[in-house]
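Worksheet: the structure to be examined is printed underneath.
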Amino acid sequence: KNQVEQSPQSLIILEGKNCTLQCNYTVSPFSNLRWYKQDTGRGPVSLTIMTFSENTKSNGRYTATLDADTKQSSLHITASQLSDSASYICVVRALGNAGNMLTFGGGTRLMVKP
Amino acid sequence: DAGVIQSPRHEVTEMGQEVTLRCKPISGHDYLFWYRQTMMRGLELLIYFNNNVPIDDSGMPEDRFSAKMPNASFSTLKIQPSEPRDSAVYFCASSLLAGGAREQFFGPGTRLTVL
């Protein structure tokens, strides 16, 4: 069964600190992995997408990594800001063109305190 | 572009009442998805459409749930009769094609509370 597990479930850090969120998956065959940011009361918004051949990708202060061998991804946030407080959801797509090929992680709820 | 539009943003109703959630996808997108999000289960796909045709409704929890897409710019998700366990945030998302790197764009969601 395809699964996506995220850790930690929740995290509190001080403004300016770095943090790393983890995503482990068992989706097969693998197509790509996307990290979403979901602000409270809003829909998820894509931060970055990782394909099989990509190891690292940055989007501003967000850096995602992918290890396709161990089926792990991480999202590193540098110099956190209060606006980073949100839920971060890891979503893995299996190969195929059907619309039901996504497996969602449970998310990590991040709170950045001043 | 205004993005995916959902209405209402909040809905409070009593058990047994009919609830209708509405969605306007991004213009030109040919796939539309309905999701439900709860703390316990996270995001779950309920049903998706391609070119206004329902393709997979296996995620619809019960016959009390139904969804329609009468045209490319409008879809509804109906719950009749509603129950307290239906309380959740319901998201509509749309995309251009469904596979590969195509991103799904989510609406702001409808927070449903069934008393």
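Proteins get letters first, then strands, A, B, ... in listed order; numbering begins at 1 in each.
- Most heavy-atom pairs under 4.5 Å with chain A: of the set B/Tyr31, B/Tyr35, B/Phe49, B/Phe105, this distinction falls to B/Tyr35.
- The residues A/Lys113 and A/Glu15 are annotated as not salt-bridged, no charged nitrogen and carboxylate oxygen being separated by less than 4.0 angstrom.
- Heavy-atom pairs under 4.5 Å with chain A peak, among B/Gln104, B/Arg9, B/Met39, B/Glu44, at B/Gln104.
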- Message: Test salt bridge (Lys or Arg N to Asp or Glu O under 4.0 Å) on B/Arg64 and B/Glu83; report intermediate values, then the result.
- Response: CA-CA 9 Å; B/Arg64 298 183 296 105; B/Glu83 296 182 4; 3.5 Å; yes
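- Sparse packing is recorded around CD of B/Glu14, with 12 or fewer heavy atoms of other residues, nucleotides or ligands lying under 6.0 Å away.
- If you measure heavy-atom distances from A/Ile89 to chain B, the contacts under 4.5 Å come from the side chain alone.
- Neither the backbone nor the side chain of B/Met40 comes within contact range of chain A; no heavy atom of the residue lies under 4.5 Å from a heavy atom of that chain.
- Between B/Phe106 and A/Tyr36, a ring centre-to-centre spacing shorter than 6.0 Å is recorded.
- With a 4.5 Å cut-off on non-hydrogen atoms, A/Asn32 touches chain B through its side chain but not through its backbone.
- Taking 4.0 Å as the cut-off between side-chain N and carboxylate O, A/Lys71 and A/Asp69 do not count as a salt-bridged pair.
- At a threshold of 4.0 Å, the pair A/Arg93-B/Glu103 does not count as salt-bridged, since none of the basic side-chain nitrogens sits closer than that to a carboxylate oxygen.
- Proximity to chain A (any heavy atom under 4.5 Å) is shown, for B/Ile55, by neither the backbone nor the side chain.
- Within the 4.5 angstrom heavy-atom criterion, only backbone atoms of A/Arg42 (N, CA, C, O) approach chain B.
- To the nearest 0.5 Å, the span separating OG on B/Ser94 from NZ on B/Lys24 amounts to 10.0 Å.
- The choice from A/Gly106, A/Ala98, A/Pro44, A/Ser46 that makes the most heavy-atom pairs within less than 4.5 Å of chain B is A/Pro44.
- Residue contact with chain A, scored on non-hydrogen atoms closer than 4.5 Å, is absent for B/Arg41.
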